[in-house]
Amino acid sequence: MRATPLQRLLSFIFGWGAALLLFFPIAWMVLTSFKSERDATSPGLFFAPSLDAYREVFARADYLSFALNSVVISVGGTVLALLFAIPAAYAMAFHPTRRTRGTLLWMLSTKMLPPVGVLVPIYLLFRTAGLLDTRSGLVMIYALMNLPIVVWMLFTFYKEVPKEILEAGRMDGAKTAGEVWFLLLPLTLPGVASTGLLSLILCWNEAFWSLNLTSAGAAPLTAFIASFSSPEGLFFAKLSAASTMAIAPILVFGWFSQRQLVQGLTFGAVK
Amino acid sequence: MSAPSNPDATLSGSEAESTRKVGPLLVMPSVIVLLAWMIVPLVMTLWFSFQYYNLVDPTTRGFAGIDNYAYLVTDPDFWVSLENTLILLVAVLAITVGLGTLLAVVFNQPFPGRNIARVLAISPFFVMPTVSALIWKNLLMHPIYGVFGALASKMGLQPVDWFAQFPLAAIIAIVSWEWLPFALLILLTAVQSLDHEQREAARMDGAGPLAQFFFITLPHLSRAIGVVIMIETIFLLTVFAEIFVTTSGGPGNATTNLAFLIYARALLQYDIGGASAGGVVAIVLANIVAFFLVRSIARRLEV
């Protein structure tokens with residue numbers, strides 16, 4: 001549709017105005033992370049930039065171990081979810097039965113269970129099993145938490161693969177495992193990758209289970225940042241530096257997976 | 001798509017036979033772990049909610065009947081937390097859906113640098129909740145050192161101590177900031193699928209931009225808006241981290257929502273029975289929403 005110059009100007013003003021306002025807190029955080037602790041408490045644009053805050057975060061807190069926990073837990077949870085979801089999504093997309101529809105919707109409904117509703121039993125089970133404050137505990141929770149989304153996304157990707165390609169493979173004698181491994185996976189690698197990416201983002205930013213089930217040993221970055229909430233830990237520059245490092249990788253991932261995000265988060269209800 | 005009644009009709013006999021057997025085997029592991037993940041904690045929560053069970057007082061155990069529920073509904077904190085949960089929900093929904101719809105329409109128009117602006121606008125969604133909350137609380141909303149306070153002083157106004165004077169509003173602002181990008185992203189996708197010819201025809205018939213918005217764009221978006229409302233509702237009913245790191249439910253119980261109340265009962269007061277009764281209430285609330293969400297998604301699902 002052709003827009004009049006006035007419409008274009010208004011769109012430009014409102015679009016960029018909204019974008020800058022929404023991005024401002026993030027930009028301000030990055031800016032503050034390069035200030036000294038003294039400059040950080042006076043909201044000004046002019047200061048002598050320094051890397052002190054970053055240096056101190058590394059020196060004082062065991063930043064790397066929290067970051068490592070985040071990586072291990074997010075990747076672990078995502079890989080585990082994919083291992084369960086790939087065969088399930090494959091079977092439901094290519095060999096649907098009468099129960100497939102119901103199964104898919106039921107899986108989705110498990111996602112609706114509010115985590116706080118099951119906090120008590122999960123906490124007690126974890127305590128009994130010695131899983132509190134362990135990475136493997138969170139890996140399990142995150143895999144289960146994302147499994148419905150991962151199955152759904154893979155299912156929609158697999159649905160788009162033409163059946164004839166698999167037929168041809170079968171003519172050449174490919175068995176089910178070979179079919180998945182040599183035909184389907186390469187064909188849908190972009191789909192699997194973006195599904196994994198979304199799962200990574202969700203795991204990385206998860207802050208209910210990570211705050212309630214970890215203390216020091218397995219705490220990921222979400223919990224590390226939460227430790228800055230105590231009044232004596234109120235150092236704006238260090239908070240900003242730690243936060244900037246915590247969100248940077250996932251922000252970049254997010255920028256690349258906007259499309260898949262819509263699909264994954266709405267279970268295909270919005271296209 | 002092959003006929004659903006006989007999905008393997010196109011395959012040769014023996015292959016069809018083997019995949020028919022393998023199919024359920026491949027789905028089974030996911031179903032089993034999800035079933036366990038759902039049923040076991042659900043049953044335990046229900047069970048505990050009818051028990052006297054306090055972790056620091058092992059002497060009182062046993063069947064409690066509806067005592068935990070009775071205690072819950074006579075506790076003023078519970079009603080305040082329910083009220084806070086609903087205020088938070090409705091306010092954030094109004095802000096994110098309202099602004100999200102407007103911005104989706106704006107970002108659907110061509111303007112210079114639109115792609116970069118869109119990336120900036122959706123960025124808050126990828127920020128972890130603990131970071132969003134602490135950045136807003138300290139860098140922006142702090143009455144002395146924050147940006148808002150500095151701007152207010154510059155304009156000759158009294159800086160507002162957001163978390164002391166309007167704590168719930170402060171939480172609403174933070175959570176809206178996190179979820180507005182989500183609403184924008186989903187609604188933008190929906191706006192983009194709007195048939196251009198339909199709008200062009202309306203324009204030819206003399207419909208102004210406002211008429212086009214209200215009679216064409218908005219009805220087209222109603223489904224997507226419904227989905228955004230329901231998905232956000234599921235997450236907003238249990239906002240936790242933002243409250244945990246900023247106010248801890250206070251001052252008093254001003255920002256205690258249902259999720260925080262249950263957390264405090266369980267892990268601060270060790271009242272397993274009481275917390276479980278609260279948990280059951282949270283599950284029932286979420287299920288009411290989930291029912292409608294699953295129904296609307298089911299309508300679009302092709303197997």
Side-chain angles (χ1 to χ4, degrees), chain A residues 1 3 8 11-12 14-16 18-19 22-23 25-26 28-29 32 41 43 84 87-88 91-92 95-96 100-101 105 107-110 112-114 116-122 144 147 170 176 205 207-208 211 222 225-226 228-229 236 239 243 246-247 250-251 254-255 262 266-267 269-270, chain B residues 7 15 19 22-23 26-27 29-30 34 37-38 41 44-45 48 103 106-107 109 111 117 119-121 123-124 126-131 134-135 138-140 145 147 150 185-186 189-190 196 224 227 234 238 240-241 244-245 259 262 266 272 275-276 279 282-283 286 290 294 297-298 300 303:
Chain A
M1 210 182 66
R8 282 178 71 110
S11 305
F12 179 78
F14 282 114
W16 270 99
L22 282 169
F23 195 72
I26 299 173
W28 190 256
M29 170 191 79
T32 307
T41 48
F84 275 90
M92 288 196 283
H95 309 291
T100 298
R101 190 188 157 82
L105 289 173
M107 283 186 172
L108 167 69
S109 73
T110 66
M112 315 286 167
L113 192 65
V116 73
V118 294
L119 169 65
V120 169
I122 294 291
L144 287 163
L147 188 54
R170 239 172 252 147
T176 306
N205 290 340
F208 180 78
L211 289 176
T222 42
I225 299 294
F228 280 87
S229 62
F236 287 12
L239 165 67
S243 298
I247 68 162
I250 232 61
L251 194 57
W255 286 340
V262 175
T266 60
F267 297 96
V270 173
Chain B
E15 274 305 327
T19 47
V22 170
L26 296 177
V27 184
S30 297
L34 277 177
W37 162 241
M38 197 173 83
M44 285 175 76
T45 300
F48 288 143
L103 287 180
V106 168
F107 276 95
Q109 309 285 325
F111 63 82
V119 162
L120 293 183
S123 295
F126 304 113
V127 177
M128 54 177 69
T130 46
V131 167
L134 286 178
I135 293 301
N138 295 322
L139 266 51
L140 301 181
Y145 307 128
V147 174
L185 201 59
I186 306 292
T189 310
H196 279 228
V227 171
I234 286 170
T238 57
F240 175 77
F244 179 81
V245 296
I262 297 169
I272 298 302
S276 297
I283 293 170
V294 171
I297 288 171
R300 240 181 183 263
V303 175

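Residue numbers begin at 1 in each chain, while the letters A, B, ... track the order of the sequences. The model shown is predicted, which means the values in this text are computed figures rather than measured ones.
When heavy atoms are compared at a cutoff of 4.5 Å, B/L134 approaches chain A by way of both its backbone and its side chain. Of the two parts of B/I234, only the side chain, counted from C-beta on, holds a non-hydrogen atom closer than 4.5 Å to a non-hydrogen atom of chain A. Looking at B/T45, the atoms closer than 4.5 Å to chain A (heavy atoms on both sides) sit in the backbone and in the side chain alike. Within the 4.5 angstrom heavy-atom criterion, atoms from both the backbone and the side chain of A/L251 approach chain B. The contact between A/I122 and chain B is made entirely by side chain atoms (from C-beta outward), counting heavy-atom distances below 4.5 Å. The part of A/T32 that comes within reach of chain B is its side chain, from C-beta onward, which places non-hydrogen atoms under 4.5 angstrom from that chain. Residue B/L103 touches chain A through its side chain alone, counting heavy-atom pairs closer than 4.5 Å.
When each of B/A286, B/A121, B/A266 is checked for heavy-atom pairs under 4.5 Å with chain A, B/A121 comes out on top. Here A/S11 is the residue among A/G15, A/A88, A/S11 with the most heavy-atom pairs under 4.5 Å with chain B. Contact count against chain A (heavy-atom pairs under 4.5 Å) is highest for B/L34 among B/V127, B/L140, B/L34. Counting heavy-atom pairs under 4.5 Å between each of B/I272, B/L120, B/V106, B/V27 and chain A puts B/L120 at the top. Ranked by heavy-atom pairs under 4.5 Å with chain B, the first of A/I250, A/V118, A/T222 is A/T222. Contact tally against chain B (heavy-atom pairs below 4.5 Å) for A/A91, A/P114, A/A246: the top residue is A/P114. When each of A/A226, A/P25, A/S109 is checked for heavy-atom pairs under 4.5 Å with chain B, A/P25 comes out on top.
Looking only at side-chain heavy atoms (C-beta outward), A/W16 and B/F111 come within less than 4.5 Å of each other. At least one side-chain heavy atom of A/M29 sits less than 4.5 Å from a side-chain heavy atom of B/V131. Residues A/L22 and B/S123 form no side-chain contact, since every pair of their non-hydrogen atoms from C-beta on lies 4.5 Å or further apart. Between B/F48 and A/V120, the closest side-chain pair of non-hydrogen atoms falls below 4.5 Å. Contact of the A/F208 side chain with the B/T238 side chain is not registered, since no non-hydrogen atoms from C-beta on lie closer than 4.5 Å. Side-chain contact between A/I247 and B/F126: absent, with no pair of heavy atoms (C-beta onward) separated by less than 4.5 Å.
Annotation for A/F23: atom CZ counts as buried by contact number, over 12 foreign heavy atoms lying within 6.0 Å.
Here A/L119 contributes atom CG and B/F240 contributes atom CZ; the two are 7.5 Å apart, rounded to the nearest 0.5 Å. Here CG of A/L239 is found 4.5 Å from CD1 of B/I135. Values are rounded to the nearest 0.5 Å.
Evaluation of the side chain to side chain contact (heavy atoms under 4.5 Å, CB included) rule for B/A241 yields A/A207, A/L211, B/P129, B/T130 as partners, not counting sequence neighbours.
Considering every non-hydrogen atom in both A/P87 and B/L26, the closest pair reads O-CB, 3.5 Å.
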Exercise. Applying side-chain contact (heavy atoms from CB on, under 4.5 Å), run through B/V147 and A/W28 and close with a yes or a no.
Key: CA-CA 9 Å; B/V147 174; A/W28 190 256; 3.3 Å; yes

